Amino acid sequence: MKMWAGRFKKETDKKVNDFNSSISFDMRLFKEDIMGSIAHSTMLCSKGIITEKEKEEIQTCLNDILSELLNGDAILSPDCEDIHMNIEQLLTERIGTAGKKLHTARSRNDQVALDIRIYQKSEILEIISLIKNLINEILALATANTSTVMPGYTHLQRAQPITFAHHILAYAQMLRRDITRLYDCYDRTDEMPLGSGALATTTYDIDRMQVANLLGFKDITKNSLDGVSDRDFIIELLSDISIIMVHLSRFSEEIIFWCSWECKFIELDDAYSTGSSIMPQKKNPDIPELVRGKSGRVFGSLISILTTMKGLPLAYNKDMQEDKEALFNAIDTVKLCLEVFAPMLKTITINKDRMLLAAGEGFINATDCADYLVKKGLAFRDAYKITGELVALCIENKFTLNTLPLADYKAKCEVFDEDIYDAVNLQNCVNERKVIGGPSKSAVLNQIADLQDFIKHLK
Ligand code: ARG
């Protein structure tokens, strides 16, 4: 029989019962639900709303239910709709009247808001720690490759020389921002909604701050309607996770490109690659491809919750039950991706020779040639034009700027001298870019130290 049977003359339709039920997915919140109920009953007792004995009975039984759920022994029923009613039902079956008192001054509306916030807070910290691991792998790889010259690209055309360290550190910077965004989201998730009741609080003299303190929340929500109907914190986390997935997806795309026969800049370890069922020679980068692909479902979760919330009147509406699957799916996905990404990176092989070879083609030192002339007194636009003509000459006669004879240089502009070969040497082109944020070894070492410092000072 349903909890609300008193008001109803008919049983719920079987299909409606299944349609309405969320236990198949919100059972994931059982720990959070029990933690919340234990704190709520402690508060009810200290405010004299239930007795000490009733509190003891409730809490002992809730702890038993918790261990049974952890062991997989407790049976949850789809007839009890959701995790909140299932646990209350188990409690009441076992201890009778005291169990029936637990829901005093509480509604499922503030209860579910509380459970999700507790859950989300702990998941945010787990995601942060996984990102931290990934940044550490990038830092290790970067430290070993501060002199590994490779072409930097714009429009996927070779543009200017950089190092592999510099390139991958760009992703460490993105991930660093992801961590700070997650901390911001944690801060806004860290408000305790219980006591909002169904929508208009309660006439009991409750102590919301006590519940917040017991559950480790820094503050309480400030408006009961908002307390039960706010899902901004979920939208915010899904936005943050979507941005993380954009970063992982871009990184994946580059890894896939670097693994191609066209590049062969890196090779993934056998343990992080797959073969083909028909082509015996194939070694496919399925892992980064899947990470790139899975970004789609995360963006889907974000769009789904945005659409669900748009236009909902205050306060609670059942539409909001749709928040959880989207949230769970996005969290599971990003954790999975981060978990495979870090060891995949740790085990890659770097083909420094292939990178250098690629850097040697495509005239990526042309800007340096122009800058050489500027340093000898020419205006940049004139230097740019002369260098363009030299590149055309090289293409015509199959030279590079490093092999073009000095006589050809001088024929275009008198100020060229032997030192042009130092100026267009790739290693020099990189190491002369000493500006903060640049690819020179010294700038990259500073960048690494700064990121290490960031990681060290994380809460
Ligand atoms: N299962 C519901 C949810 O996830 C819990 C709150 C239900 N409240 C209600 N008045 N029907 O949103």
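A quick note: this is a predicted structure, and the numbers were derived from the prediction, not measured. In each ligand, atom 1 is the first atom listed, and ligand 1 is the first ligand listed. Count residues from 1 along the sequence.
Those atoms of ligand 1 with a heavy atom of Ser22 less than 4.0 angstrom away are 1 (N).
With a 6.0 Å cutoff to the six-membered ring centre and a 45° limit on the axis angle, Lys459 counts as a cation-pi contact of Tyr183. Taking the ring axis of Phe328 as reference, the NZ or CZ atom of Arg28 stays within 45° of it and closer than 6.0 Å to the ring centre. A cation-pi contact, defined as under 6.0 Å to the ring centre and within 45° of the axis, is absent between Arg250 and Tyr171.
Contact annotation: for Lys324 versus ligand 1, heavy atoms closer than 4.0 Å belong to the side chain alone.
Between Tyr316 and ligand 1, a contact under 3.5 Å exists for at least one N or O pair. For ligand 1, the polar-atom distance check against Gln321 finds a nitrogen or oxygen pair separated by under 3.5 Å. In terms of N/O distances under 3.5 Å, ligand 1 is approached by Asn109.
Protein heavy atom nearest atom 5 (C) of ligand 1, with residue, atom name and distance: Asp82 OD2, 3.5 Å. Nearest protein heavy-atom contact of atom 11 (N) of ligand 1 is Arg108 NH2, 3.5 Å.
Glu81 meets the salt bridge (Lys or Arg N to Asp or Glu O under 4.0 Å) test with Arg108, Lys318; sequence neighbours excluded. Here Glu68 pairs with Arg94 under the salt bridge (Lys or Arg N to Asp or Glu O under 4.0 Å) rule; sequence neighbours left out.
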